[in-house]
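It should be emphasised that the depicted structure is a prediction, and the values quoted were computed from it without experimental measurement. Chain letters run A, B, ... following the sequence lines, proteins first and then strands; every chain starts at 1.
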Protein chains: 6
Amino acid sequence: MFLPRKVLEERLRNLLTEDIGQGDITTALIVPEDHITEAEVIAKRTGVAAGIEEAKILLEGIGLEVNVLVMDGERVKPKQVLLKISGDTRTILVVERTLLNLVSRMSGIATATRNIVEKLQKTKLKVKVACTRKTAPGLLYFDKKAVFVGGGDTHRLHLDDLILIKDNHIAVASSIEESIKLVRQGASFTKKIEIEVTKEEDALVAAKAGADIVMLDNFSPKKIEKTVAALKKTRSYGKVLLEASGGITLANVLKFASTGVDVVSLGELTHSAKTLNVSLEIMKIKK
Amino acid sequence: MFLPRKVLEERLRNLLTEDIGQGDITTALIVPEDHITEAEVIAKRTGVAAGIEEAKILLEGIGLEVNVLVMDGERVKPKQVLLKISGDTRTILVVERTLLNLVSRMSGIATATRNIVEKLQKTKLKVKVACTRKTAPGLLYFDKKAVFVGGGDTHRLHLDDLILIKDNHIAVASSIEESIKLVRQGASFTKKIEIEVTKEEDALVAAKAGADIVMLDNFSPKKIEKTVAALKKTRSYGKVLLEASGGITLANVLKFASTGVDVVSLGELTHSAKTLNVSLEIMKIKK
Amino acid sequence: MFLPRKVLEERLRNLLTEDIGQGDITTALIVPEDHITEAEVIAKRTGVAAGIEEAKILLEGIGLEVNVLVMDGERVKPKQVLLKISGDTRTILVVERTLLNLVSRMSGIATATRNIVEKLQKTKLKVKVACTRKTAPGLLYFDKKAVFVGGGDTHRLHLDDLILIKDNHIAVASSIEESIKLVRQGASFTKKIEIEVTKEEDALVAAKAGADIVMLDNFSPKKIEKTVAALKKTRSYGKVLLEASGGITLANVLKFASTGVDVVSLGELTHSAKTLNVSLEIMKIKK
Amino acid sequence: MFLPRKVLEERLRNLLTEDIGQGDITTALIVPEDHITEAEVIAKRTGVAAGIEEAKILLEGIGLEVNVLVMDGERVKPKQVLLKISGDTRTILVVERTLLNLVSRMSGIATATRNIVEKLQKTKLKVKVACTRKTAPGLLYFDKKAVFVGGGDTHRLHLDDLILIKDNHIAVASSIEESIKLVRQGASFTKKIEIEVTKEEDALVAAKAGADIVMLDNFSPKKIEKTVAALKKTRSYGKVLLEASGGITLANVLKFASTGVDVVSLGELTHSAKTLNVSLEIMKIKK
Amino acid sequence: MFLPRKVLEERLRNLLTEDIGQGDITTALIVPEDHITEAEVIAKRTGVAAGIEEAKILLEGIGLEVNVLVMDGERVKPKQVLLKISGDTRTILVVERTLLNLVSRMSGIATATRNIVEKLQKTKLKVKVACTRKTAPGLLYFDKKAVFVGGGDTHRLHLDDLILIKDNHIAVASSIEESIKLVRQGASFTKKIEIEVTKEEDALVAAKAGADIVMLDNFSPKKIEKTVAALKKTRSYGKVLLEASGGITLANVLKFASTGVDVVSLGELTHSAKTLNVSLEIMKIKK
Amino acid sequence: MFLPRKVLEERLRNLLTEDIGQGDITTALIVPEDHITEAEVIAKRTGVAAGIEEAKILLEGIGLEVNVLVMDGERVKPKQVLLKISGDTRTILVVERTLLNLVSRMSGIATATRNIVEKLQKTKLKVKVACTRKTAPGLLYFDKKAVFVGGGDTHRLHLDDLILIKDNHIAVASSIEESIKLVRQGASFTKKIEIEVTKEEDALVAAKAGADIVMLDNFSPKKIEKTVAALKKTRSYGKVLLEASGGITLANVLKFASTGVDVVSLGELTHSAKTLNVSLEIMKIKK
């Protein structure tokens, strides 16, 4: 997920533009032109920093100087300074809220992701923690990037990323075999094929039909275990990747992860993560 | 917050565009051209519906027919159908995720807002529940609209909406009096002036200097009560609006609301609301 | 009305882009690549400079060096140099017309505004001079900014700025009381409420119903005086702001301003101001 | 100047978008959803209608029905209805100001143009009345179109339209001959070549060097007559087109037009035209 | 590669907008407003039609009626009518060139692709024919779509589509093993990994290190055969996909295709395909 | 065709954006942040360099340093280095394909153009070689610029460039005379008028009716010679410019050029030019 900074800068500036309207009238009246300030972005809670690269590009892109004190992915503590900013005071005050909204959302997502990743690491299970496309609308890039920073797997970046056959596709194609046949005929050789199934026997059918990945949708841990056993019998286990999805949380993730699946995926990483509280404080007025 | 539908349609289509990349390859391979379907958007949990108007405009704007069964602001129950959609199956499947991400986020925010609003209504307290600018980046319009649908006050829609003097402005201007003097001289007569204070005595100073609204930032309920008492003494109470902000949650909102303030504001309505789970299901294949 | 310069730069570059088509063919054929020049922007008439900040950002944003000799809001005389520009000659010639169109329009508006503001200042009347939304289409920001530079009040910056109830709203709501009741119930506490009235008795009704500002639309000075007298009787005068609008010009502004209103507003400041003639002259060819 | 309506619709909607911010809050609170209205756009003064096609496309493009009663280019009288509009009341009220700003500006320009064109027509002089690129910034298309509707010549539509060698180009190229030589070598055979001169003898040089059009910049009528006489002597008159520019107004245009030039051009048609006052009135509330 | 038509319509309209400038002046002067016509798009040469869906959406999106006579992917003969268009004559004439440029380019690419695909089909070889990212700049979507219509494999749709390790990546990572190790650790489980190699032994290393696809870059058919033999020995053949790339043309494709590779890829399909000549002719003037 | 570099930079960056999706995942995983490299863009074949200015602006616009070794329009040989690039390795690898696609296409067009121009130069014929609007869709600017660099005439840059009456216009207007009459009445005096004819006698009619340029569409060299002879008889030859178009190639161009026409125009210069093969190679890893 590397974007040249000018391209990312433009996406970030669009976030800022939405908030500004015809300009900041409070700041225009109180802060003199060419007034210079130093400010800090400070964490208020414990968590994992994310959005730091984005913050730097956003700020430098509107002419401010930035000193990065914490890298994306580092653990931070309350009162820890993430960034030092210096430059035109008016510009700092205008960008403040957009900046904090971005960093706090991305850090919140990275923190939630890391908590689960670390829980699994302690168990030595080699299971990947993935997010879904259940992001805030329009924030696919930033939400996925935050998951990556937190140590998670970004799954599909958008619709042309992967062949992912879902329930509604199967309904149209009339069967799992037919769906997989159609995509195997027509899809580029550069793509993997994933299919979502809701029953144990469908997992077997999908594996046999040539899916690269089978998503076990809303399976209980017990049901997954039975499915794994059945796949072992048919010697498909190990050849097809298994993704468990639906109803997985920090609390129950270990049960899912120890069933024999390769990946657990969680929508709540991106759709309902609590933000990490951060604030911006002016430290020194230079002029 | 009324936008002509063509203007809103364009904002919504931009959300869709981000997700699509070069197009949906799975759907292109499985679903025939000109295939027609009926689908439903269904709530999975109890909550308040929001984003229904936006969903309708998004869907109709890409050529689908929509039948709205629940109005924005209505309470919904699990399994309740919010929208019936019919039209080109490929188009339905492409828009599915963006649609659900929008409705589930907006409904989640409206639900959180309504819960607090109703808690206050039961007490007969005439205190407004407001959100802040702590939204998901780029989603100011949708997050604010969801708060409105939930019965909350949208507060500032963007930076040129209101004169709002915050801690960093006061730091630059050197004093509360000076800040207010500067904005009273220069601001349009069409604007209200709000100022954020952190101490009881500053509230008095602000009221005296001519603020229309005083935001009591991170005051405990007790500290607010003392401030209200002091304002009553100086006969400012009732002339200046009082907004309590910082640390307010569903759990403690009654304590804040019964102190004599006019408004309580909560960042978490928009920055950390849990989404309301909704799904799209194909019901009938027409062709 | 402070915009970070990168945001303003983009708006300005869009103005330039409209004019360019596939590029300047005359300049490409006559002026060698990497040819360097010094040029000056010079006033041809007496007036008030505006658009200087915008000119600087536009020019620097396309790689030219700019030396500002006159500040926004300063009075200028014929032959006075406003800006010195140096850099790539081709770029200077391409931007010339867009630059001059911007500065001459904004300076024309600022000049018209200042003339009225100064006329009132001589009388010691504390009446504000405001513009309206009758700007050139698409130039709201630049027209409003020019009024501000001229010393005027910008009034609404756009539609979500202020609750302004106009004749057509009242027609729909059926009465002044009903209109004001509806907006008082639903509007954010951060907004003022203004209403436009056409009869003396309506001004009283509006003030009583809780309007913050009453616009006396197309009232003669005599009719305004009668209204002021009536408002004094009901003790509303001084509590509600009064704005006179319609038919006000430089010639008759004093009659309106001495009636007791707080604000006079004039559409012609922005919709029909004469531009201030400015030109660009190449002074020295460096290479 | 024909644009497919979808392309024009998009330009027009961008004008609307600038004004709206996060939406019309007054209208949202007062006018019920799905409220239907009939309204009229009415001239308040005598003039020439322009912007009618644009108005129709803007309005239909946001879902309103439009009945056009006056064609672009027709003379209108006070109280004359230009357009009848029906549809969603909220949408009508949101678009009102942008619509009126557009029609009143374009009609003002068309009126000023027509006044001059008709003055010349009475004299039977076959002299064209042209505008310049001195338009409102960003409004090149609309200002030029209004001149065309008024009966004027649009001159250059943008920078790649015509080879136009101006004073600053000559300064760089060091001479008139050299400038014309350079562009004759390099320019496409599809282009005419125009050059701006400030002295009688330069007009002769330019004609001899092969210019298609010579612009006599800031020549008095007497000076033009002398130039015409000299061109007749050298037999260039009639082969090269002559354009008089600078200082021409409605009052003195006949003196310039009767000198023997082919074209008179006036910046003030577009940079300082008074708008034609028009208003929108709701006539009938349908629901 | 399915895009909702409104999204595709916007991309197509942007192609049109680039060509139009301030509008079609010839058509505006010659063709009356509201003039209605029927026209046909006609093939001038033998080939495979592509861009038909795009043509339909472009034309309908600007208000014309379209009757499609040939489907994307069908073979066409000289004088065969591809589309019948009816509607506003001005609009037809404005869009003519953009429409023809699109259809002729896409059909040219589809024709070139089909020629190769059919050559292989006759031999019963199950080798895919793929394109590369060597498209016209900015036309990735349209060029890839044309290859798909011609029966080819689209390969990567853009940079986040596939992990493709090229020579320059290997140079940075210092070895093939290290490159593959890095991407296997960090890449999403949803992605395949392809690597480009230039030597026989590198193909073995890549297969062993876990690449899903190995691109044999600029290998002669003989060198490919030796590599295939070596892979068979190490039992990697059949587990890793082999793509031959570089120097492949219609003339020599059979030699490459019969070496044992799974895919042949050709840059010239998209970077240097001859367009298929098509023209638009007005058939009937309706009004 | 001079565009200020910031304007051109934006057009170029849009080409890049289309290719990137959510970012380069391969590069992100293999190349460390802040890794610095030197690379070269190298010609693989003989030809004429074009797109060098565009390459420089694209690269510098995303923060890379560029050293230009070959000017636009210079002949290049295999292995010749066109550009040296240094800077952030990730950025270089992301831009590689877009850069090469642009330079190879533009150089291919310039090469094809130069080959024809030089062929004519050897004969001392003063006939211009022009392109048409048959470009890749959306690449009008770049394709025309490449023709200019190759020494050709760019013909129309877009639709408002020239009055060009084509077959379909004449069909609507009913005759050549009527078409020309209509445009002479209504067109700006700044425009030339060109008309396309298919018969010898029509060329005479067009010349008599006042066309500035007559395009002889699909005339054989013999038919052109007869037309030239006829025009000489009516003394129109030399007053009207003659453009031969249709069926002209490198092979037969001399026959067309020696008929007495002023211009030969060729669609294939832009619609079917072979690209010039260029590649990017990393030369030195700096860090």
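Put simply, NZ on Lys145(C) and CD on Glu53(C) are 4.0 Å apart, with the number rounded to the nearest 0.5 Å. Summarising the geometry, atom CD1 belonging to Ile195(C) is positioned 4.0 Å from atom CD1 belonging to Ile165(C); distances are rounded to the nearest 0.5 Å.
Using a 3.5 Å distance cut-off with no hydrogens or angles, the side chains of His158(C) and Glu18(D) do not pair a donor with an acceptor.
Residue with the most contacts toward chain D among Asp161(C), Leu139(C), Leu157(C), Leu102(C): Leu139(C) (heavy-atom pairs, distance under 4.5 Å). When the candidates Thr132(C), Ile163(C), Asp19(C) are compared by the number of heavy-atom contacts under 4.5 Å with chain D, Asp19(C) comes out ahead. Annotation: maximal heavy-atom pairing with chain C below 4.5 Å, among Gly186(D), Gly267(D), Ala171(D), occurs at Gly186(D). When Ser179(D), Gly23(D), Ala136(D), Ser104(D) are compared by the number of non-hydrogen pairs under 4.5 Å with chain C, Gly23(D) comes out ahead. Per-residue heavy-atom pair counts under 4.5 Å with chain D were compared for Leu15(C), Leu16(C), Ile30(C), and the maximum is reached by Ile30(C). Heavy-atom pairs under 4.5 Å with chain D peak, among Lys181(C), Arg97(C), Gln185(C), at Arg97(C). Ranked by non-hydrogen atom pairs under 4.5 Å with chain C, the options Asp167(D), Leu162(D), Thr98(D) are led by Leu162(D). Most heavy-atom pairs under 4.5 Å with chain D, from the set Leu182(C), Val183(C), Ile25(C): that is Ile25(C). Ranked by heavy-atom pairs under 4.5 Å with chain C, the first of His169(D), Lys191(D), Glu96(D), Arg105(D) is His169(D).
In this structure, the portions of Thr27(C) lying under 4.5 Å from any heavy atom of chain D include both its backbone and its side chain. Heavy atoms of Ala187(C) lying under 4.5 Å from chain D belong to its backbone as well as its side chain. Both the backbone and the side chain of Leu280(C) come within less than 4.5 Å of a heavy atom in chain D. Looking at Leu93(C), the atoms closer than 4.5 Å to chain D (heavy atoms on both sides) all sit in the side chain, from C-beta outward.
With a 6.0 Å cutoff to the six-membered ring centre and a 45° limit on the axis angle, Arg11(C) counts as a cation-pi contact of Tyr141(C).
Formation of a donor-acceptor pair under 3.5 Å by the Ser272(C) side chain with backbone atoms of Glu268(C) is not found in this model. Judged by distance alone, the side chain of Asp212(D) and the main-chain N or O of Ile193(D) form a donor-acceptor pair under 3.5 Å.
Counting all heavy atoms, side chain and backbone alike, Ser265(D) lies closest to Ile248(D) at O-CD1, 3.9 Å.
If you run side-chain contact (heavy atoms from CB on, under 4.5 Å) between Phe142(C) and each of Thr270(C), Leu8(C), Thr135(C), only Leu8(C) comes through.
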